[in-house]
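See below for the structure under consideration.
Because the structure is a prediction, the values reported are computed rather than measured. In what follows, chains are A, B, ... by sequence order, proteins preceding strands, each numbered from 1.
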Amino acid sequence: MATSKQPTRVRFAPSPTGLTHLGSARTALYNFLLAKQTGGKFFLRIEDTDQKRYDPNAEQDLISSLKWLGLAWDEGPDVGGPHGPYYQSKRKDIYRKHAEELIEKGKAFYCFCTTEELKVVREGQQKRHEQPHYSGKCRIIPVDEAKQRAKNGESHVVRFKAPKDGSITVADKLRGAITVENSQIDDMVLLKSDGHAVYHLAAMVDDHLMEISHVLRSEEWLPSLPLHAHIYEAFGWQQPIWVHLSVFLKPSGKGKMSKRETEQMRLTGQSIFVKDFADLGYLPEGVVNWIALMGWSFDDHTEFFTMADLVEKFDIESLNPSPAAIDFKKLDHFNGLHIRALPQKELAKRLVPYFKKAGFEVDAGQLMPIIPIIQTRVTTLDEGPELAGFFFKEEIAPPVEMLVGKDMSAEQSARAVRKGVEILEVLPEFSAANAEAPMRAVAEEFGLKAGQFFGILRNAVTGQEISPPLFESMEIVGRDTVLARLKRGLDELEKISKNPEPPQTTLKK
RNA sequence: GCCCCCAUCGUCUAGAGGCCCAGGACGUGGCCCUUUCAAGGCUAAAACCGGGGUUCGAAUCCCCGUGGGGGCACCA
(Lines give C-alpha, C1' and ligand atoms only; values in the text may rest on other atoms or scores of the structure.)
Protein backbone atom coordinates (compact mmCIF):
# COMPACT_ATOMS: atom_id res chain seq x y z
CA MET A 1 0.00 0.00 0.00
CA ALA A 2 1.04 3.54 -0.62
CA THR A 3 1.72 4.32 2.98
CA SER A 4 4.31 1.60 3.31
CA LYS A 5 6.48 3.11 0.60
CA GLN A 6 9.48 5.29 1.24
CA PRO A 7 8.91 8.95 0.39
CA THR A 8 10.11 9.45 -3.15
CA ARG A 9 11.80 12.55 -4.45
CA VAL A 10 11.01 13.04 -8.10
CA ARG A 11 11.24 15.77 -10.64
CA PHE A 12 9.84 16.95 -13.90
CA ALA A 13 12.55 18.75 -15.83
CA PRO A 14 11.42 20.08 -19.17
CA SER A 15 13.32 22.41 -21.41
CA PRO A 16 11.34 25.48 -22.37
CA THR A 17 11.55 25.13 -26.11
CA GLY A 18 7.95 24.64 -27.12
CA LEU A 19 4.40 24.08 -25.99
CA THR A 20 3.76 21.43 -23.39
CA HIS A 21 2.38 18.32 -25.05
CA LEU A 22 0.69 15.16 -23.89
CA GLY A 23 3.88 13.17 -23.51
CA SER A 24 5.34 15.72 -21.13
CA ALA A 25 2.07 15.97 -19.31
CA ARG A 26 2.06 12.26 -18.64
CA THR A 27 5.65 12.26 -17.47
CA ALA A 28 4.84 15.10 -15.11
CA LEU A 29 1.71 13.31 -13.94
CA TYR A 30 3.47 10.05 -13.11
CA ASN A 31 6.17 11.90 -11.23
CA PHE A 32 3.57 13.87 -9.35
CA LEU A 33 1.62 10.76 -8.44
CA LEU A 34 4.67 8.97 -7.18
CA ALA A 35 5.59 11.86 -4.94
CA LYS A 36 2.09 12.38 -3.56
CA GLN A 37 1.39 8.78 -2.78
CA THR A 38 4.50 8.45 -0.67
CA GLY A 39 4.43 11.88 0.91
CA GLY A 40 7.57 12.70 -1.04
CA LYS A 41 8.60 15.76 -3.01
CA PHE A 42 7.86 16.77 -6.57
CA PHE A 43 10.38 19.16 -8.11
CA LEU A 44 9.95 21.30 -11.17
CA ARG A 45 13.24 22.21 -12.77
CA ILE A 46 13.66 24.27 -15.90
CA GLU A 47 16.37 22.96 -18.17
CA ASP A 48 17.19 26.11 -20.04
CA THR A 49 20.86 25.75 -20.80
CA ASP A 50 20.35 26.01 -24.52
CA GLN A 51 20.30 29.68 -25.39
CA LYS A 52 19.48 29.09 -29.01
CA ARG A 53 16.37 27.03 -28.49
CA TYR A 54 14.99 28.95 -25.54
CA ASP A 55 11.43 30.12 -26.02
CA PRO A 56 10.17 32.62 -23.44
CA ASN A 57 6.55 31.64 -24.05
CA ALA A 58 7.25 28.01 -23.38
CA GLU A 59 7.80 28.49 -19.69
CA GLN A 60 4.57 30.35 -19.17
CA ASP A 61 2.78 27.69 -21.15
CA LEU A 62 4.42 24.98 -19.10
CA ILE A 63 3.39 26.49 -15.81
CA SER A 64 -0.18 27.14 -16.82
CA SER A 65 -0.46 23.69 -18.36
CA LEU A 66 0.73 21.93 -15.23
CA LYS A 67 -1.55 24.04 -13.09
CA TRP A 68 -4.51 23.34 -15.32
CA LEU A 69 -3.85 19.62 -15.00
CA GLY A 70 -3.68 19.98 -11.24
CA LEU A 71 -0.02 19.09 -10.90
CA ALA A 72 1.43 21.35 -8.24
CA TRP A 73 5.13 21.13 -7.46
CA ASP A 74 6.66 21.27 -4.01
CA GLU A 75 9.84 22.95 -5.14
CA GLY A 76 10.55 24.89 -8.28
CA PRO A 77 9.88 28.19 -10.00
CA ASP A 78 7.10 30.21 -8.36
CA VAL A 79 7.29 28.37 -5.08
CA GLY A 80 11.04 28.23 -4.50
CA GLY A 81 12.60 25.82 -2.04
CA PRO A 82 15.90 24.91 -0.43
CA HIS A 83 17.44 23.34 -3.53
CA GLY A 84 17.25 26.33 -5.86
CA PRO A 85 17.79 27.93 -8.16
CA TYR A 86 15.44 25.81 -10.25
CA TYR A 87 16.63 27.21 -13.54
CA GLN A 88 19.69 25.49 -14.89
CA SER A 89 20.80 28.69 -16.56
CA LYS A 90 21.29 30.05 -13.04
CA ARG A 91 23.33 27.08 -11.91
CA LYS A 92 26.24 27.61 -14.26
CA ASP A 93 28.82 27.83 -11.48
CA ILE A 94 27.65 24.62 -9.90
CA TYR A 95 28.17 22.75 -13.14
CA ARG A 96 31.55 24.34 -13.79
CA LYS A 97 32.68 23.25 -10.35
CA HIS A 98 31.53 19.71 -10.97
CA ALA A 99 33.14 19.59 -14.38
CA GLU A 100 36.41 20.64 -12.78
CA GLU A 101 36.01 17.97 -10.16
CA LEU A 102 35.81 15.41 -12.92
CA ILE A 103 38.88 16.81 -14.61
CA GLU A 104 40.78 16.54 -11.33
CA LYS A 105 39.69 12.97 -11.05
CA GLY A 106 40.86 12.23 -14.57
CA LYS A 107 37.31 11.52 -15.68
CA ALA A 108 36.96 14.48 -18.00
CA PHE A 109 39.20 16.60 -20.19
CA TYR A 110 39.42 19.92 -21.94
CA CYS A 111 38.82 19.72 -25.65
CA PHE A 112 39.95 22.41 -28.04
CA CYS A 113 38.69 20.88 -31.25
CA THR A 114 36.71 23.25 -33.44
CA THR A 115 33.24 22.56 -34.70
CA GLU A 116 34.61 22.31 -38.23
CA GLU A 117 37.20 19.78 -37.21
CA LEU A 118 34.56 17.71 -35.47
CA LYS A 119 32.33 17.88 -38.46
CA VAL A 120 35.00 16.59 -40.82
CA VAL A 121 35.75 13.65 -38.55
CA ARG A 122 32.09 12.82 -38.14
CA GLU A 123 31.40 12.89 -41.84
CA GLY A 124 34.31 10.55 -42.47
CA GLN A 125 32.96 8.12 -39.90
CA GLN A 126 29.49 8.25 -41.36
CA LYS A 127 30.86 7.59 -44.80
CA ARG A 128 32.55 4.49 -43.41
CA HIS A 129 29.27 3.50 -41.73
CA GLU A 130 30.77 3.81 -38.31
CA GLN A 131 28.94 5.17 -35.34
CA PRO A 132 30.09 8.81 -35.09
CA HIS A 133 32.45 9.22 -32.15
CA TYR A 134 34.81 11.81 -30.86
CA SER A 135 38.29 11.22 -32.27
CA GLY A 136 40.03 11.34 -28.90
CA LYS A 137 42.46 13.98 -30.08
CA CYS A 138 42.38 16.17 -26.99
CA ARG A 139 42.15 13.26 -24.59
CA ILE A 140 45.90 12.94 -24.56
CA ILE A 141 46.79 16.56 -23.91
CA PRO A 142 48.52 16.71 -20.50
CA VAL A 143 46.14 18.16 -17.93
CA ASP A 144 48.43 21.02 -16.92
CA GLU A 145 48.91 22.07 -20.51
CA ALA A 146 45.21 21.91 -21.16
CA LYS A 147 44.42 23.91 -18.06
CA GLN A 148 46.89 26.55 -19.09
CA ARG A 149 45.44 26.82 -22.57
CA ALA A 150 41.97 27.11 -21.13
CA LYS A 151 43.15 29.75 -18.69
CA ASN A 152 44.70 31.67 -21.57
CA GLY A 153 41.29 32.00 -23.03
CA GLU A 154 41.47 29.41 -25.75
CA SER A 155 37.98 28.34 -26.71
CA HIS A 156 37.22 24.93 -25.30
CA VAL A 157 34.63 22.51 -24.05
CA VAL A 158 34.88 19.89 -21.34
CA ARG A 159 34.30 16.33 -22.40
CA PHE A 160 33.61 13.23 -20.40
CA LYS A 161 36.40 10.67 -20.56
CA ALA A 162 34.25 7.66 -21.30
CA PRO A 163 35.79 4.27 -20.58
CA LYS A 164 36.83 2.50 -23.76
CA ASP A 165 37.04 -1.11 -22.67
CA GLY A 166 34.60 -3.54 -21.21
CA SER A 167 30.91 -3.02 -20.84
CA ILE A 168 28.44 -1.54 -18.42
CA THR A 169 25.16 -2.89 -17.17
CA VAL A 170 22.50 -0.41 -16.23
CA ALA A 171 19.07 -1.02 -14.78
CA ASP A 172 15.81 0.38 -16.01
CA LYS A 173 12.89 -0.31 -13.73
CA LEU A 174 10.63 -1.39 -16.58
CA ARG A 175 13.12 -3.25 -18.71
CA GLY A 176 15.56 -4.75 -16.30
CA ALA A 177 19.27 -4.97 -16.93
CA ILE A 178 20.66 -3.47 -20.11
CA THR A 179 24.25 -4.18 -21.01
CA VAL A 180 26.15 -2.02 -23.42
CA GLU A 181 29.74 -2.16 -24.72
CA ASN A 182 31.68 0.83 -23.47
CA SER A 183 33.07 1.26 -26.95
CA GLN A 184 29.61 2.47 -27.88
CA ILE A 185 29.79 5.34 -25.46
CA ASP A 186 31.18 8.61 -26.72
CA ASP A 187 33.26 11.27 -24.99
CA MET A 188 30.27 13.55 -24.73
CA VAL A 189 30.55 17.26 -24.16
CA LEU A 190 29.74 18.17 -20.57
CA LEU A 191 30.40 21.87 -20.66
CA LYS A 192 29.89 23.91 -23.79
CA SER A 193 32.24 26.65 -24.92
CA ASP A 194 29.72 29.21 -23.70
CA GLY A 195 30.22 27.81 -20.22
CA HIS A 196 26.76 26.27 -19.98
CA ALA A 197 26.44 22.64 -19.08
CA VAL A 198 24.87 20.12 -21.34
CA TYR A 199 22.00 17.90 -20.16
CA HIS A 200 24.30 14.99 -19.42
CA LEU A 201 26.12 16.95 -16.77
CA ALA A 202 23.46 19.37 -15.59
CA ALA A 203 20.72 16.84 -15.02
CA MET A 204 22.99 14.37 -13.25
CA VAL A 205 24.37 17.03 -10.96
CA ASP A 206 20.96 18.46 -10.17
CA ASP A 207 19.34 15.11 -9.60
CA HIS A 208 22.09 14.27 -7.18
CA LEU A 209 22.00 17.61 -5.39
CA MET A 210 18.23 17.51 -5.15
CA GLU A 211 18.45 13.96 -3.87
CA ILE A 212 16.14 12.64 -6.54
CA SER A 213 15.27 9.03 -5.77
CA HIS A 214 13.42 8.10 -8.95
CA VAL A 215 14.01 9.50 -12.40
CA LEU A 216 10.92 9.06 -14.54
CA ARG A 217 11.75 10.44 -17.95
CA SER A 218 11.01 9.85 -21.58
CA GLU A 219 12.27 6.77 -23.35
CA GLU A 220 14.37 8.84 -25.71
CA TRP A 221 16.87 9.06 -22.85
CA LEU A 222 17.35 5.33 -22.66
CA PRO A 223 20.27 5.24 -25.13
CA SER A 224 22.20 7.69 -22.99
CA LEU A 225 21.51 5.88 -19.75
CA PRO A 226 24.88 4.05 -19.85
CA LEU A 227 26.62 7.40 -20.23
CA HIS A 228 24.68 8.77 -17.31
CA ALA A 229 25.53 5.76 -15.21
CA HIS A 230 29.20 6.33 -15.97
CA ILE A 231 28.92 9.96 -14.96
CA TYR A 232 27.35 8.98 -11.66
CA GLU A 233 30.11 6.47 -11.15
CA ALA A 234 32.79 9.02 -11.97
CA PHE A 235 31.45 11.26 -9.24
CA GLY A 236 31.09 8.34 -6.89
CA TRP A 237 27.40 8.98 -6.43
CA GLN A 238 24.60 6.53 -5.99
CA GLN A 239 22.26 6.29 -8.93
CA PRO A 240 18.55 6.93 -8.65
CA ILE A 241 16.03 4.38 -9.83
CA TRP A 242 15.70 4.87 -13.56
CA VAL A 243 12.33 4.62 -15.20
CA HIS A 244 12.05 5.30 -18.91
CA LEU A 245 8.52 5.96 -20.04
CA SER A 246 7.37 4.79 -23.43
CA VAL A 247 6.67 7.37 -26.09
CA PHE A 248 3.29 8.36 -27.48
CA LEU A 249 2.61 7.47 -31.07
CA LYS A 250 0.28 9.24 -33.45
CA PRO A 251 -3.28 7.89 -33.63
CA SER A 252 -2.40 5.59 -36.49
CA GLY A 253 0.21 4.00 -34.27
CA LYS A 254 2.85 4.67 -36.89
CA GLY A 255 5.54 6.87 -35.48
CA LYS A 256 5.72 9.99 -33.40
CA MET A 257 3.69 13.05 -34.20
CA SER A 258 5.48 15.28 -36.67
CA LYS A 259 5.28 19.05 -36.66
CA ARG A 260 3.13 19.08 -39.75
CA GLU A 261 0.74 16.47 -38.46
CA THR A 262 0.43 18.40 -35.25
CA GLU A 263 -0.67 21.48 -37.18
CA GLN A 264 -3.04 19.41 -39.27
CA MET A 265 -4.55 17.98 -36.13
CA ARG A 266 -5.37 21.36 -34.66
CA LEU A 267 -7.41 22.15 -37.73
CA THR A 268 -9.65 19.19 -37.04
CA GLY A 269 -10.30 20.11 -33.43
CA GLN A 270 -7.69 17.86 -31.90
CA SER A 271 -4.39 18.67 -30.35
CA ILE A 272 -1.50 17.24 -28.45
CA PHE A 273 -0.84 20.51 -26.64
CA VAL A 274 -2.16 20.76 -23.14
CA LYS A 275 -3.15 24.39 -23.56
CA ASP A 276 -5.63 23.51 -26.31
CA PHE A 277 -7.67 20.99 -24.36
CA ALA A 278 -9.51 23.58 -22.31
CA ASP A 279 -10.61 25.40 -25.45
CA LEU A 280 -11.74 22.17 -26.98
CA GLY A 281 -14.05 21.64 -24.03
CA TYR A 282 -12.11 19.01 -22.15
CA LEU A 283 -11.91 18.75 -18.40
CA PRO A 284 -8.51 18.44 -16.78
CA GLU A 285 -9.98 15.43 -15.00
CA GLY A 286 -10.75 13.81 -18.34
CA VAL A 287 -7.34 14.50 -19.79
CA VAL A 288 -5.59 13.25 -16.67
CA ASN A 289 -7.62 10.07 -16.59
CA TRP A 290 -6.92 9.53 -20.25
CA ILE A 291 -3.16 10.00 -20.25
CA ALA A 292 -2.75 8.13 -16.98
CA LEU A 293 -4.06 5.03 -18.72
CA MET A 294 -1.76 5.34 -21.69
CA GLY A 295 1.06 3.20 -20.47
CA TRP A 296 -0.28 2.29 -17.09
CA SER A 297 -3.17 0.16 -15.93
CA PHE A 298 -4.58 -0.73 -12.59
CA ASP A 299 -6.59 -3.88 -12.95
CA ASP A 300 -9.04 -5.58 -15.19
CA HIS A 301 -12.08 -3.44 -14.63
CA THR A 302 -11.23 -0.05 -13.18
CA GLU A 303 -10.97 2.72 -15.71
CA PHE A 304 -12.49 5.76 -14.06
CA PHE A 305 -9.90 7.56 -11.99
CA THR A 306 -9.92 10.87 -10.23
CA MET A 307 -6.61 12.43 -9.30
CA ALA A 308 -7.12 11.17 -5.76
CA ASP A 309 -7.70 7.65 -7.07
CA LEU A 310 -4.55 7.85 -9.11
CA VAL A 311 -2.50 9.08 -6.19
CA GLU A 312 -3.69 6.11 -4.24
CA LYS A 313 -3.40 3.48 -6.94
CA PHE A 314 -0.56 4.46 -9.23
CA ASP A 315 2.49 2.24 -9.18
CA ILE A 316 5.56 2.06 -11.35
CA GLU A 317 5.47 -1.73 -11.41
CA SER A 318 2.41 -1.65 -13.66
CA LEU A 319 3.93 0.68 -16.20
CA ASN A 320 3.99 -0.64 -19.74
CA PRO A 321 7.26 -0.30 -21.68
CA SER A 322 5.73 -0.42 -25.13
CA PRO A 323 4.73 2.72 -27.03
CA ALA A 324 1.08 3.76 -27.03
CA ALA A 325 -0.95 5.33 -29.83
CA ILE A 326 -3.00 8.38 -28.93
CA ASP A 327 -6.74 7.69 -29.13
CA PHE A 328 -8.91 10.79 -29.04
CA LYS A 329 -12.13 8.75 -29.02
CA LYS A 330 -11.07 7.45 -25.69
CA LEU A 331 -10.49 10.97 -24.44
CA ASP A 332 -14.08 11.82 -25.38
CA HIS A 333 -15.23 8.83 -23.42
CA PHE A 334 -13.32 9.79 -20.30
CA ASN A 335 -14.35 13.39 -20.61
CA GLY A 336 -18.00 12.37 -20.78
CA LEU A 337 -17.54 10.21 -17.73
CA HIS A 338 -16.05 13.06 -15.77
CA ILE A 339 -18.67 15.54 -16.92
CA ARG A 340 -21.35 13.20 -15.65
CA ALA A 341 -19.47 12.78 -12.39
CA LEU A 342 -19.35 16.52 -11.75
CA PRO A 343 -21.73 17.99 -9.16
CA GLN A 344 -24.36 20.07 -10.95
CA LYS A 345 -23.16 23.35 -9.51
CA GLU A 346 -19.64 22.62 -10.58
CA LEU A 347 -20.72 21.76 -14.10
CA ALA A 348 -22.68 24.98 -14.32
CA LYS A 349 -19.65 26.93 -13.21
CA ARG A 350 -17.40 25.28 -15.75
CA LEU A 351 -19.88 25.77 -18.54
CA VAL A 352 -20.10 29.53 -18.09
CA PRO A 353 -17.01 30.45 -20.13
CA TYR A 354 -18.20 28.34 -23.03
CA PHE A 355 -21.58 29.99 -23.09
CA LYS A 356 -19.92 33.37 -22.94
CA LYS A 357 -17.63 32.47 -25.77
CA ALA A 358 -20.67 31.50 -27.79
CA GLY A 359 -22.20 34.90 -27.08
CA PHE A 360 -24.52 34.10 -24.19
CA GLU A 361 -24.03 36.36 -21.19
CA VAL A 362 -25.08 33.95 -18.48
CA ASP A 363 -23.88 33.10 -15.01
CA ALA A 364 -23.73 29.76 -13.28
CA GLY A 365 -27.03 30.38 -11.53
CA GLN A 366 -28.86 30.85 -14.80
CA LEU A 367 -27.34 27.65 -16.09
CA MET A 368 -28.43 25.56 -13.12
CA PRO A 369 -31.94 24.70 -14.36
CA ILE A 370 -30.65 23.20 -17.59
CA ILE A 371 -27.84 21.18 -16.07
CA PRO A 372 -29.97 18.12 -15.28
CA ILE A 373 -31.10 17.80 -18.86
CA ILE A 374 -27.79 18.38 -20.57
CA GLN A 375 -25.35 16.66 -18.26
CA THR A 376 -25.63 13.28 -19.92
CA ARG A 377 -25.77 14.84 -23.36
CA VAL A 378 -22.44 16.59 -23.69
CA THR A 379 -19.05 14.99 -24.00
CA THR A 380 -17.16 18.25 -24.17
CA LEU A 381 -18.06 21.54 -22.50
CA ASP A 382 -18.16 23.46 -25.74
CA GLU A 383 -21.17 21.38 -26.72
CA GLY A 384 -23.12 23.09 -23.93
CA PRO A 385 -24.08 26.25 -25.82
CA GLU A 386 -24.54 24.23 -28.99
CA LEU A 387 -27.13 22.05 -27.34
CA ALA A 388 -28.70 24.51 -24.95
CA GLY A 389 -28.06 27.96 -26.38
CA PHE A 390 -31.70 28.23 -27.37
CA PHE A 391 -32.67 28.68 -23.73
CA PHE A 392 -30.99 32.06 -23.80
CA LYS A 393 -31.88 33.30 -27.25
CA GLU A 394 -34.38 36.10 -27.61
CA GLU A 395 -35.66 34.81 -30.86
CA ILE A 396 -35.88 31.40 -32.47
CA ALA A 397 -36.51 31.53 -36.18
CA PRO A 398 -36.14 28.17 -37.80
CA PRO A 399 -36.77 27.98 -41.54
CA VAL A 400 -40.35 27.01 -42.23
CA GLU A 401 -39.42 23.65 -43.76
CA MET A 402 -38.27 22.65 -40.30
CA LEU A 403 -41.75 23.26 -38.97
CA VAL A 404 -43.46 20.85 -41.27
CA GLY A 405 -43.84 17.51 -39.56
CA LYS A 406 -42.35 14.36 -40.95
CA ASP A 407 -44.58 12.96 -43.69
CA MET A 408 -47.02 15.78 -43.10
CA SER A 409 -48.26 18.77 -45.05
CA ALA A 410 -47.91 22.34 -43.88
CA GLU A 411 -51.67 22.51 -43.31
CA GLN A 412 -51.68 19.42 -41.13
CA SER A 413 -48.75 20.75 -39.19
CA ALA A 414 -50.42 24.09 -38.67
CA ARG A 415 -53.64 22.52 -37.47
CA ALA A 416 -51.85 20.39 -34.91
CA VAL A 417 -49.75 23.24 -33.63
CA ARG A 418 -52.79 25.50 -33.35
CA LYS A 419 -54.47 22.94 -31.20
CA GLY A 420 -51.37 22.53 -29.12
CA VAL A 421 -51.13 26.25 -28.53
CA GLU A 422 -54.74 26.42 -27.42
CA ILE A 423 -54.15 23.77 -24.82
CA LEU A 424 -50.86 25.11 -23.56
CA GLU A 425 -52.32 28.57 -23.19
CA VAL A 426 -54.81 27.42 -20.61
CA LEU A 427 -52.76 24.80 -18.82
CA PRO A 428 -53.23 25.49 -15.09
CA GLU A 429 -49.58 25.02 -14.42
CA PHE A 430 -47.03 25.06 -17.19
CA SER A 431 -44.81 22.11 -16.39
CA ALA A 432 -43.31 19.17 -18.20
CA ALA A 433 -45.48 16.79 -16.27
CA ASN A 434 -48.64 18.69 -17.12
CA ALA A 435 -47.85 19.34 -20.76
CA GLU A 436 -46.84 15.96 -22.00
CA ALA A 437 -50.10 14.04 -21.70
CA PRO A 438 -52.29 16.63 -23.43
CA MET A 439 -49.77 16.97 -26.22
CA ARG A 440 -49.81 13.25 -26.74
CA ALA A 441 -53.55 13.48 -26.92
CA VAL A 442 -53.29 16.12 -29.63
CA ALA A 443 -51.03 13.87 -31.65
CA GLU A 444 -53.48 11.05 -31.31
CA GLU A 445 -56.43 13.26 -32.21
CA PHE A 446 -54.78 14.19 -35.47
CA GLY A 447 -53.70 10.65 -36.15
CA LEU A 448 -50.06 11.48 -35.74
CA LYS A 449 -47.25 9.62 -34.16
CA ALA A 450 -45.99 11.38 -31.06
CA GLY A 451 -42.66 11.83 -32.77
CA GLN A 452 -44.20 13.63 -35.71
CA PHE A 453 -45.95 16.20 -33.60
CA PHE A 454 -43.25 16.54 -30.97
CA GLY A 455 -40.75 17.10 -33.74
CA ILE A 456 -42.63 20.17 -34.88
CA LEU A 457 -42.86 21.50 -31.35
CA ARG A 458 -39.19 20.83 -30.78
CA ASN A 459 -38.14 22.64 -33.91
CA ALA A 460 -40.39 25.59 -33.21
CA VAL A 461 -39.37 25.98 -29.57
CA THR A 462 -35.68 25.13 -29.75
CA GLY A 463 -34.87 25.82 -33.38
CA GLN A 464 -32.96 22.55 -33.28
CA GLU A 465 -33.67 19.07 -34.47
CA ILE A 466 -31.53 17.75 -31.68
CA SER A 467 -32.28 19.08 -28.24
CA PRO A 468 -32.67 18.12 -24.62
CA PRO A 469 -36.00 16.48 -23.76
CA LEU A 470 -38.84 18.57 -25.18
CA PHE A 471 -41.18 19.06 -22.27
CA GLU A 472 -38.48 19.70 -19.73
CA SER A 473 -37.04 22.22 -22.12
CA MET A 474 -40.43 23.90 -22.56
CA GLU A 475 -40.90 24.16 -18.83
CA ILE A 476 -37.55 25.90 -18.45
CA VAL A 477 -38.12 28.20 -21.41
CA GLY A 478 -41.42 29.18 -19.84
CA ARG A 479 -44.96 29.46 -21.08
CA ASP A 480 -44.79 32.94 -22.59
CA THR A 481 -41.74 32.26 -24.65
CA VAL A 482 -42.91 28.83 -25.70
CA LEU A 483 -46.22 30.24 -26.88
CA ALA A 484 -44.54 33.10 -28.68
CA ARG A 485 -42.23 30.72 -30.52
CA LEU A 486 -45.06 28.37 -31.31
CA LYS A 487 -47.26 31.18 -32.62
CA ARG A 488 -44.47 32.48 -34.74
CA GLY A 489 -44.04 29.02 -36.21
CA LEU A 490 -47.75 28.77 -36.73
CA ASP A 491 -47.77 32.01 -38.69
CA GLU A 492 -45.04 30.71 -40.90
CA LEU A 493 -46.88 27.49 -41.50
CA GLU A 494 -50.10 29.26 -42.35
CA LYS A 495 -48.30 31.49 -44.77
CA ILE A 496 -47.09 28.61 -46.84
CA SER A 497 -50.35 26.76 -46.40
CA LYS A 498 -52.00 29.41 -48.56
CA ASN A 499 -49.34 29.10 -51.16
CA PRO A 500 -50.92 27.59 -54.29
CA GLU A 501 -47.87 25.43 -54.72
CA PRO A 502 -47.03 24.18 -51.27
CA PRO A 503 -43.54 22.86 -50.88
CA GLN A 504 -43.25 19.13 -51.03
CA THR A 505 -43.89 17.90 -47.60
CA THR A 506 -41.47 15.08 -47.99
CA LEU A 507 -38.74 17.58 -48.49
CA LYS A 508 -37.26 17.56 -45.06
CA LYS A 509 -34.51 19.12 -43.05
C1' G B 1 25.19 2.23 -41.23
C1' C B 2 25.75 1.29 -35.84
C1' C B 3 23.50 0.88 -30.82
C1' C B 4 19.23 0.31 -27.64
C1' C B 5 14.08 -0.70 -26.58
C1' C B 6 9.36 -2.87 -27.75
C1' A B 7 5.79 -6.73 -29.86
C1' U B 8 -1.99 -9.79 -27.18
C1' C B 9 -8.55 -7.59 -30.76
C1' G B 10 -8.51 -1.36 -35.23
C1' U B 11 -6.82 1.32 -30.35
C1' C B 12 -5.55 1.30 -24.77
C1' U B 13 -4.70 -3.02 -22.18
C1' A B 14 -5.33 -7.82 -18.45
C1' G B 15 -2.34 -11.99 -18.60
C1' A B 16 4.28 -12.96 -14.50
C1' G B 17 4.07 -22.01 -17.58
C1' G B 18 -1.47 -25.16 -16.71
C1' C B 19 -7.11 -20.90 -13.91
C1' C B 20 -6.94 -18.62 -21.46
C1' C B 21 -10.45 -22.61 -27.61
C1' A B 22 -7.26 -15.38 -23.98
C1' G B 23 -10.56 -11.12 -19.95
C1' G B 24 -11.83 -5.65 -19.70
C1' A B 25 -12.31 -0.74 -21.94
C1' C B 26 -12.77 2.63 -26.32
C1' G B 27 -14.54 2.34 -31.10
C1' U B 28 -17.84 -0.57 -34.52
C1' G B 29 -22.65 -3.67 -35.50
C1' G B 30 -27.38 -5.42 -33.38
C1' C B 31 -31.26 -5.32 -29.65
C1' C B 32 -33.85 -2.94 -25.38
C1' C B 33 -35.37 1.86 -23.37
C1' U B 34 -37.14 6.28 -26.10
C1' U B 35 -40.55 12.54 -28.76
C1' U B 36 -34.95 13.96 -31.08
C1' C B 37 -30.06 13.40 -29.10
C1' A B 38 -27.56 11.35 -25.29
C1' A B 39 -27.06 8.39 -20.99
C1' G B 40 -28.10 3.41 -19.37
C1' G B 41 -28.82 -2.08 -20.04
C1' C B 42 -28.00 -6.48 -23.03
C1' U B 43 -25.42 -8.55 -27.11
C1' A B 44 -22.07 -9.61 -31.54
C1' A B 45 -17.70 -9.45 -34.50
C1' A B 46 -12.60 -8.65 -33.35
C1' A B 47 -5.98 -10.40 -31.08
C1' C B 48 -1.52 -13.98 -28.61
C1' C B 49 3.80 -11.18 -35.58
C1' G B 50 6.53 -15.75 -37.88
C1' G B 51 9.84 -19.89 -37.20
C1' G B 52 12.60 -22.85 -34.12
C1' G B 53 13.61 -24.65 -29.28
C1' U B 54 12.84 -25.70 -23.53
C1' U B 55 8.70 -28.34 -21.06
C1' C B 56 4.07 -33.45 -19.74
C1' G B 57 2.19 -28.43 -20.91
C1' A B 58 3.88 -21.63 -23.59
C1' A B 59 0.41 -15.72 -25.02
C1' U B 60 3.70 -16.38 -20.88
C1' C B 61 10.85 -18.81 -20.79
C1' C B 62 15.22 -18.98 -24.65
C1' C B 63 17.12 -18.20 -29.76
C1' C B 64 16.61 -16.44 -34.74
C1' G B 65 13.82 -13.75 -38.09
C1' U B 66 10.24 -9.88 -39.15
C1' G B 67 7.82 -5.52 -37.84
C1' G B 68 7.51 -1.04 -34.99
C1' G B 69 9.80 2.68 -31.95
C1' G B 70 13.95 5.45 -30.03
C1' G B 71 19.04 7.13 -30.21
C1' C B 72 23.84 8.15 -32.56
C1' A B 73 24.99 17.20 -31.51
C1' C B 74 29.03 22.44 -28.08
C1' C B 75 19.59 19.99 -28.29
C1' A B 76 17.20 18.39 -24.47
Minimum-distance nucleotide (side-chain atoms of A:P321 versus B:U36, B:G69, B:C6): B:C6
Show the atom names and distances, to 0.1 Å, of all donor-acceptor pairs under 3.5 Å that link a side chain in residues 445-452 of chain A to residues at least two apart or in another chain.
from   : atom 1 : to     : atom 2 : distance (Å)
A:Q452 : OE1    : A:K449 : N      : 2.8
A:Q452 : NE2    : A:K406 : O      : 2.7

How about A:D206 and A:Y86: does a side-chain donor come under 3.5 Å of a side-chain acceptor? no
Complement of B:A39, any strand, by Watson-Crick or G-U distances under 3.5 angstrom: none
Can you tell me which nucleotide in B:U13, B:G70, B:A73 comes closest to the side chain of A:R122? B:A73
Counting the atoms with a prime plus P, OP1 and OP2 as sugar-phosphate, which does A:G336 contact under 4.0 Å by heavy atoms, base, sugar-phosphate, or nothing? nothing
Below 3.5 Å, does any donor atom in the side chain of A:R175 face an acceptor in the base of B:C5, or the other way round? no
Closest to the A:I178 side chain, choosing from B:C2, B:C4, B:C74: B:C4
Any idea which of B:C26, B:G70, B:C74 is nearest the A:H333 side chain? B:C26
Nearest to the side chain of A:D327, which nucleotide is it out of B:C26, B:A38, B:G69? B:C26
Please determine, for B:A25, whether a Watson-Crick or G-U wobble partner exists with both distances under 3.5 Å, and give it or none. B:U11
Please determine whether any donor N or O and acceptor N or O are separated by less than 3.5 Å between the side chain of A:S193 and the base of B:C74. yes
Check the pair A:W242, A:H214 against side-chain contact (heavy atoms from CB on, under 4.5 Å), reporting the backbone distance first and the verdict last. CA-CA 6 Å; A:W242 302 104; A:H214 294 66; over 6 Å; no
Does B:A46 have a Watson-Crick or wobble mate here (both distances under 3.5 Å), and if so which one? none
Sugar-phosphate, base or nothing in reach of A:T376, heavy atoms under 4.0 Å: base
A:E444 and A:R440: salt bridge (charged side-chain N to carboxylate O under 4.0 Å, His left out), yes or no, with the steps? CA-CA 6 Å; A:E444 202 172 323; A:R440 278 189 192 282; over 6 Å; no
How would you label the contact of A:R128 with the nucleic acid (heavy atoms, under 4.0 Å): base, sugar-phosphate, or nothing? nothing
